[in-house]
Student: 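Would you mind keeping the following structure in view while I ask a few things?
Atoms considered below: every heavy atom in the structure, side chains included; atoms not considered: hydrogens, waters and symmetry mates. Computed from a predicted structure; not experimentally measured.
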Amino acid sequence: MAHSIHGTLIHSLAPSTLQILPSTLLIISPSGSILSIHPSTPPSSIPFLLAPHNLTPETCPTLTLSPTQFLTPGFIDTHTHAPQHAQRGLGRGLPLLTWLDTLTFPNEAKCKDLVHASSLYTSCVRAGLKQGITTACYYASLHKDASVVLAETCLREGQRALIGKCNMDRHAPDWYTESSDVKESVRSTEEFLGEVLALDQGVGAGVGKGLVTPVITPRFAISCTDGLLSELGKLVKRYPTLPVQTHFNESPEEVEFTAKLFPAYNSETEMYESFGLLNERSILAHTIYLKNGEMDRLKELGCGVAHCPVSNTCMDRFMVAPVSEYLKRGVKVGLGTDCGGGFTNSMLEVMRQAYLVSVAGKTFLGGTGAAGDGERTALSTEEGFYMATLGGARVAGLDGKVGNFEAGKELDACLVDVSVDGVMADVDEGEDTRSVFEKFIMTGDDRNITGVWVKGRRVKG
């Protein structure tokens, strides 16, 4: 049924523009879209504002927020690995490729067992929703059936998701590599795309809710032969509305290995573009070590960057992406937990780490680098929150649906209560809302997120 929420709303309009709307009424349709927004609305005016929508207080109940509560858009995780959910916290200090071979691939291989995959994915999705992650861009395993199970899980639990079955036909253990027959890999991928599209549209069991989107997912260039990348590029053309995701310029060893495998190209940008894998729907995880001209080309192509500050500092080196420069140049950029390279599934923690990593970049890498990074600056609270919400929505291609509160968008939201007992800094009586918001971002946790909505449906609280 229709419902409404009355209280303080906080959302982003741009990377450095945070809007705080006190005493605001949100009217939400039965299908979960925002019918209208009414700032500075006294409670006595609510019945009059419902009337133009043919609603009454009886047919459209109102949730009234207390002075210690406010509503934010749901968080958007632009890069994470569902099969790695249980390995979070392991493998600190290992080089990326060693970490994959010794820890990650064995864990992902377990997902061939659909019972294991279902249990693991249920835990993963529920944990994300608990943390206020209303949308997640998932890498599944290379198994088609298990990847469909992840889509089914997201639909059942009510999380919006972009889901990719990994393509990888080389440079992984024999027991975790796709067939050397490229056509088999592409056939399995196309079956996956079709099955998830059918699920989302409610074909068959009728459970579609417009929440899950399949993603074409070459794991990274190292794991894909030229032939496979070429065929995936053809898939991108055949499915012009679907996103593409891959790991991109993640670590020095990955960049070096990729250059050896693809010597004809001057950069990863040039290589991926040649295979037809870069466009306005591409989600590039990490994007740390760019060469001259790559940043400008990514901007021209409309590619999005998934910044993963936690995992980037947990391998055998401290890696700092030029995020402030991305924002300055208008490159789309969101945040990713990158579980299990990242140890946390909390977007609040990722926002904090993004700030700390940006300070480190400013301190130790300031000035213009070889890739024309520009002058690095520390991220503001506004910028971190933007990347976790509206910026992430832009990266995922969902900013027309979610990311902030606008009439016509769908309600993906978190209810924050700063009075909940926990670790959050105390709030003084009469403290201004902007300060309270910053305390939540920097010291709060999932206990302060007492409600979560996805497409208007309450999935927590």
Student: Could you check whether any side-chain N or O of N107 sits under 3.5 Å from a backbone N or O of T104, counting only pairs where one atom can act as donor and the other as acceptor?
Tutor: no
Student: CD of E383 to OG of S324: how many Å apart, nearest 0.5 Å?
Tutor: 7.5 Å
Student: Under the rule for side chain to side chain donor-acceptor pair (under 3.5 Å), what residues qualify as partners of T381, not counting sequence neighbours?
Tutor: E438
Student: Pick out which of I288, V357, T313 makes a side-chain contact (heavy atoms from CB on, under 4.5 Å) with V320.
Tutor: V357
Student: Under 4.0 Å between a Lys/Arg side-chain N and an Asp/Glu carboxylate O for E195 and K165?
Tutor: no
Student: So, do V359 and L379 sit near enough that their side-chain heavy atoms are less than 4.5 Å apart?
Tutor: no
Student: Report the C-alpha distance between V454 and L211 in whole Å, list the side-chain angles of each, state the deciding distance to 0.1 Å, and finish with yes or no for side chain to side chain contact (heavy atoms under 4.5 Å, CB included).
Tutor: CA-CA 9 Å; V454 179; L211 291 180; 4.0 Å; yes
Student: Hey, mind stepping through E294 and T269 against side chain to side chain donor-acceptor pair (under 3.5 Å) and telling me if it holds?
Tutor: CA-CA 6 Å; E294 284 193 274; T269 299; 2.6 Å; yes
Student: Check whether S358 reaches the backbone of Y355 with its side chain - one donor and one acceptor, N or O, closer than 3.5 Å.
Tutor: yes
Student: For V459 and G158, which heavy atoms make the closest approach, and how far apart are they?
Tutor: CG1-O, 4.0 Å
Student: Taking the side chain as every heavy atom from C-beta outward, state whether L94 and D316 have any atom pair closer than 4.5 Å.
Tutor: no
Student: Under a 3.5 Å distance rule, please check whether E410 uses its side chain to pair with a backbone N or O of V402 as donor and acceptor.
Tutor: no
Student: Give a yes or no answer on whether the side chain of H38 reaches the backbone of I27 with a donor-acceptor pair at less than 3.5 Å.
Tutor: no
Student: Closest approach of G340 and Q84, non-hydrogen atoms and distance?
Tutor: N-OE1, 3.0 Å
Student: Does L335 offer a backbone N or O that forms a donor-acceptor pair with the side chain of T78 under 3.5 Å?
Tutor: yes
Student: Apply the test side chain to side chain contact (heavy atoms under 4.5 Å, CB included) to residues F437 and F385: give CA-CA distance (whole Å), side-chain angles for both, the deciding distance (0.1 Å), then the verdict.
Tutor: CA-CA 10 Å; F437 171 76; F385 181 69; 3.6 Å; yes
Student: Quick one, K401 with E406, criterion salt bridge (charged side-chain N to carboxylate O under 4.0 Å, His left out). Give me CA distance, side-chain angles, the key distance, then yes/no.
Tutor: CA-CA 9 Å; K401 285 188 175 183; E406 293 181 359; over 6 Å; no
Student: Can E382 and S16 be counted as having a side-chain donor-acceptor contact under 3.5 angstrom?
Tutor: no
Student: Mind running salt bridge (charged side-chain N to carboxylate O under 4.0 Å, His left out) on R376 and E325 for me, showing each step along the way?
Tutor: CA-CA 7 Å; R376 293 178 186 249; E325 187 65 14; over 6 Å; no
Student: Evaluate the side chain to side chain donor-acceptor pair (under 3.5 Å) criterion for residues Y139 and T80: first the C-alpha distance (whole Å), next the side-chain angles of each, then the deciding distance (0.1 Å), finally the verdict.
Tutor: CA-CA 6 Å; Y139 284 57; T80 191; over 6 Å; no
Student: Quick one, D338 and F343 - any side-chain contact, counting heavy atoms below 4.5 Å?
Tutor: no
Student: Under 4.5 Å between any side-chain heavy atoms of L415 and L65, yes or no?
Tutor: yes
Student: Output yes when E349 and R352 qualify as a salt bridge under the 4.0 Å nitrogen-oxygen rule, no when they do not.
Tutor: yes
Student: Rounded to the nearest 0.5 Å, what's the gap from CG on N312 to OG1 on T287? Could you check?
Tutor: 9.5 Å
Student: Given W99 and M315, is the side chain to side chain contact (heavy atoms under 4.5 Å, CB included) satisfied, shown in steps?
Tutor: CA-CA 8 Å; W99 175 82; M315 294 296 175; 3.7 Å; yes
Student: For a quick test of reading the model, state the closest non-hydrogen atom pair linking P309 to G336 and the distance between them.
Tutor: CD-O, 4.2 Å
Student: Output yes when a side-chain donor or acceptor of K332 lies under 3.5 Å from a complementary backbone atom of G397, and no otherwise.
Tutor: no
Student: For a 4.5 angstrom cut-off between non-hydrogen side-chain atoms, does D445 reach M424?
Tutor: no
Student: Judged by modelled atom types alone, do T64 and T62 share a side-chain donor-acceptor pair under 3.5 Å?
Tutor: no
Student: Is there a side-chain contact between F192 and D145 (heavy atoms, below 4.5 Å)?
Tutor: no
Student: Which atom names give the shortest non-hydrogen contact between C60 and S4, and what distance separates them?
Tutor: SG-N, 3.8 Å
Student: Salt bridge between D417 and R447, side-chain N to carboxylate O under 4.0 Å?
Tutor: no
Student: When you check the gap from the basic side-chain N to the acidic O, do R160 and D412 get nearer than 4.0 Å?
Tutor: yes
Student: So, does R394 use its side chain to make a donor-acceptor pair with the main chain of V331 at under 3.5 Å?
Tutor: no
Student: Decide side chain to side chain contact (heavy atoms under 4.5 Å, CB included) for L129 and E157; before the verdict, give the C-alpha distance in whole Å, the side-chain angles of both, and the deciding distance to 0.1 Å.
Tutor: CA-CA 9 Å; L129 290 171; E157 299 297 327; 4.2 Å; yes
Student: Do the side chain of R88 and the main chain of H85 share a donor and acceptor less than 3.5 angstrom apart?
Tutor: yes
Student: Tell me whether the rings of H247 and F220 are parallel (<30°), tilted (30 to 60°) or perpendicular (>60°).
Tutor: perpendicular
Student: Got a second to check how far I10's CD1 is from L18's CG, nearest 0.5 Å?
Tutor: 6.5 Å
Student: Give the minimum heavy-atom separation between A140 and S147, together with the two atoms involved.
Tutor: CB-OG, 3.3 Å
Student: Under 6.0 Å from the NZ atom of K439, do we count more than 12 heavy atoms belonging to anything else shown?
Tutor: yes
Student: Does S435 have any side-chain contact (heavy atoms from CB on, under 4.5 Å) partners at least two apart in sequence or in another chain, and if so, which?
Tutor: E431, D432
Student: Strictly under 6.0 Å, is that where the ring centroids of H79 and H286 end up?
Tutor: yes
Student: Quick check: do M295 and L298 have side-chain heavy atoms less than 4.5 Å from each other?
Tutor: no
Student: Is there a donor-acceptor pair closer than 3.5 Å between any side-chain N or O of T443 and the backbone N or O of F440?
Tutor: no
Student: Side chains of I163 and T213, heavy atoms from C-beta outward: is any pair under 4.5 Å?
Tutor: no
Student: Mind checking the CG-CZ spacing from L390 to F405? Nearest 0.5 Å is all I need.
Tutor: 11.5 Å
Student: Any donor and acceptor pair, going by atom type alone, linking the side chain of T122 with main-chain N or O of S118 inside 3.5 Å?
Tutor: yes
Student: Could you go through S36 and H53, starting from their C-alpha distance and side-chain angles, then the distance that decides it, and tell me whether this counts as side chain to side chain donor-acceptor pair (under 3.5 Å)?
Tutor: CA-CA 9 Å; S36 56; H53 301 289; 3.0 Å; yes
Student: Can you measure from CG (L50) to OG1 (T56) and round to the nearest 0.5 angstrom?
Tutor: 7.5 Å
Student: What is the distance from atom CD of Q353 to atom SG of C308, rounded to the nearest 0.5 Å?
Tutor: 12.5 Å
Student: With side chain to side chain donor-acceptor pair (under 3.5 Å) as the criterion, how do T98 and T102 come out once you've worked through the C-alpha distance, each side chain's angles and the decisive distance to 0.1 Å?
Tutor: CA-CA 6 Å; T98 302; T102 61; over 6 Å; no
Student: Locate the shortest heavy-atom distance separating P61 from A2; write the atom from each residue and the value.
Tutor: CD-O, 3.5 Å
